[in-house]
Number of protein chains: 2
Amino acid sequence: MAEEGFRGPQVCKIVGITYRQLDYWARTDLIRPSIADAKGSGTQRRYSYQDLVELKVIKNLLDAGVSLQLARKGVEYIRKNLGEDIGSASLVIDGPKSVLARSDGEVIDLMRKGQGVLSIVALGPVVDQLDSAIHELHPTEPKDSEKAPARAVSGGG
Amino acid sequence: MAEEGFRGPQVCKIVGITYRQLDYWARTDLIRPSIADAKGSGTQRRYSYQDLVELKVIKNLLDAGVSLQLARKGVEYIRKNLGEDIGSASLVIDGPKSVLARSDGEVIDLMRKGQGVLSIVALGPVVDQLDSAIHELHPTEPKDSEKAPARAVSGGG
DNA sequence: CGGCGGTGTGACAGGCGCGTAGTTACATCG
DNA sequence: CGATGTAACTACGCGCCTGTCACACCGCCG
């Protein structure tokens, strides 16, 4: 019972996607549960909190009309470069390339240099939405300290 | 003869799309040639320069992974609100809503308020790309003054 | 008038990203 | 060990978007 991580259907409610989406993404290697993969019918996928962040980012990107293909690359970039300062950073997708901007100024710089379209995801609100949804569905989970390690206030520019 | 406007295949080369895309978009009312629509086989679609701008915006949005559905709404917004100061503005798509930002500061503001993902199109580079492509394919067209009426330098921030 | 090139049109195929429905298999309870 | 619930698996189909191909049509030139 609720060992470590989140199960499939639970994840769907938290991030606001359907089970078919989660399933499809896992099968197509978009996002696989990093704690435990499924080993046949009846088994369970266990997603980590980090997985939830990535899933929520993808969810938001989809809502913004960004294709899965590109959302995937952005998530890959987050995986490699995301540290403890999630809340103060923004993911900037410039066509095929992805960049992490630590401040608003960097975003402006990228806007000037970029010749095409920038898709920007502010990670702070994403984490907020995520924690809020987890609290509503997991009011008894005491793992908050481990979930959101270091959040910068969104007041400083 | 190059009366007024641009014909279908010519448009495809300029904005960098396939003819099937242009055709599909015209049939699904995404972007119809504003000068002259097709009246059966053998006739010609005539696109205005304004059409080219919109098409190029859509092209860039597609390259950025944004769906046609949402790109369509952004273009509709441009149509209504775009004045003569194309080059200095940016189209900001916030989920289902679209906004025009006249300066970088407005973009930052939208980033702070927005809870999701912003897709930003800097119209200046779009116009540049467009004019450049037109010059390569239409070296004898003298209508530049009418094409890019007022461009602000991108130094002000 | 008739051939010729350019252009729009219609029909079909195919991939992507899911939804739906039914089935299978583990996990827990009794 | 059997019953039950839950979650993953499979098969099928749809809608969107685009590529391919054959065809119809217009204008031009001879």
Side-chain angles (χ1 to χ4, degrees), chain A residues 1-47 51 55 57-75 96 137, chain B residues 1-47 51 55 57-75 137-138:
Chain A
M1 298 274 290
E3 306 174 355
E4 201 71 26
F6 306 82
R7 299 164 302 158
Q10 193 76 12
V11 169
C12 295
K13 295 172 187 169
I14 292 175
V15 305
I17 59 178
T18 67
Y19 182 81
R20 290 310 286 120
Q21 286 180 299
L22 189 72
D23 184 47
Y24 178 76
W25 298 352
R27 292 173 188 277
T28 55
D29 281 349
L30 175 60
I31 281 199
R32 300 255 297 276
S34 58
I35 293 184
D37 212 338
K39 292 181 286 288
S41 298
T43 63
Q44 290 176 346
R45 300 190 178 102
R46 317 297 287 211
Y47 290 85
D51 292 338
L55 287 168
V57 169
I58 292 183
K59 205 303 199 205
N60 286 9
L61 283 171
L62 287 184
D63 288 345
V66 177
S67 68
L68 265 180
Q69 180 84 13
L70 223 66
R72 173 177 186 162
K73 293 186 178 180
V75 165
L137 297 165
Chain B
M1 299 286 280
E3 307 174 357
E4 201 70 26
F6 307 82
R7 299 162 303 160
Q10 192 76 12
V11 169
C12 296
K13 294 171 188 169
I14 292 175
V15 305
I17 59 179
T18 68
Y19 184 80
R20 287 315 279 117
Q21 286 180 301
L22 188 73
D23 183 46
Y24 179 76
W25 299 352
R27 291 171 189 277
T28 55
D29 281 348
L30 175 60
I31 282 199
R32 300 253 297 276
S34 58
I35 294 184
D37 213 337
K39 290 180 286 289
S41 296
T43 63
Q44 290 176 348
R45 299 191 178 102
R46 316 297 290 210
Y47 289 86
D51 292 338
L55 287 168
V57 169
I58 292 182
K59 200 318 197 198
N60 285 9
L61 282 170
L62 287 184
D63 288 346
V66 177
S67 67
L68 264 181
Q69 180 85 13
L70 224 65
R72 172 177 185 160
K73 294 187 179 180
V75 165
L137 297 165
H138 279 248

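Letters A, B, ... are given to chains in the order of the sequence lines, protein chains preceding strands, and every chain is numbered from 1.
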* Asked: What does B/Leu62 touch in the nucleic acid at a heavy-atom separation under 4.0 angstrom: a base, only the sugar-phosphate, or nothing?
  -> sugar-phosphate
* To do: By nearest nucleotide on DNA chain C, pick out whichever of A/Thr28 and A/Gly40 is the more 5' one.
  => A/Thr28
* Can a side chain N or O of A/Trp25 be found less than 4.0 Å away from OP1 or OP2 on C/dC18? -> yes
* To do: Provide, to the nearest angstrom, the distance between the CZ atom belonging to B/Arg20 and the C1' atom belonging to D/dC16.
  => 14 Å
* Asked: Any N or O donor-acceptor pair linking the side chain of A/Ser41 to the base of C/dT24 at under 3.5 Å?
  -> yes
* To do: For B/Thr18, report the nucleic acid contact type (base, sugar-phosphate, nothing); a contact means any heavy atom under 4.0 Å.
  => sugar-phosphate
* Minimum-distance nucleotide (side-chain atoms of A/Arg27 versus D/dT10, C/dG8, C/dC18) -> D/dT10
* To do: Report yes if a donor N or O on one partner sits less than 3.5 Å from an acceptor N or O on the other, where the partners are the side chain of A/Arg7 and the base of D/dT6; otherwise report no.
  => no
* **Rounded distance in Å - CD (B/Gln21) to C1' (C/dT7)** => 18 Å
* To do: List the atom of B/Leu30, the atom of B/Leu68, and the distance in Å for their closest heavy-atom pair.
  => CD2-CD2, 3.3 Å
* To the nearest angstrom, how far is B/Leu22 atom CG from D/dT18 atom P? -> 11 Å
* Atom pair distance, as rounded to whole Å: NZ in A/Lys39 and C1' in D/dA7 -> 13 Å
* Asked: Where the side chain of B/Gln21 meets the backbone of B/Thr18, is there a donor-acceptor pair that is under 3.5 Å apart?
  -> yes
* Side chain proximity check, A/Ile58 to A/Val15, heavy atoms < 4.5 angstrom -> no
* Asked: For the pair made of CZ in B/Phe6 and C1' in C/dG6, what is the distance, rounded to whole Å?
  -> 18 Å
* For the side chain of A/Asp23, starting at C-beta, report the closest nucleotide among D/dA24, C/dG17, D/dT10. => D/dT10
* Structure fact -> Out of C/dT9, D/dT10, D/dT18, minimum distance to the side chain of B/Ala38 belongs to C/dT9
* To do: Please determine which of B/Gln44, B/Arg32, B/Arg46 meets the side chain to side chain donor-acceptor pair (under 3.5 Å) test together with B/Asp37.
  => B/Arg32
* To do: Round to a whole Å and report the spacing from OH of A/Tyr47 to P of D/dA7.
  => 13 Å
* In whole angstrom, what separates B/Tyr19's OH from C/dG8's P? -> 3 Å
* Taking the side chain of A/Tyr24 as heavy atoms from C-beta outward, which of C/dC18, D/dT18, C/dT9 is closest to it? -> C/dC18
* Going by the side chain to side chain contact (heavy atoms under 4.5 Å, CB included) test, name the single residue among A/Thr28, A/Leu61, A/Asp29 that passes it with A/Arg72. => A/Asp29
* Spacing of A/Gln10 atom CD relative to D/dT6 atom C1', expressed in whole Å -> 13 Å
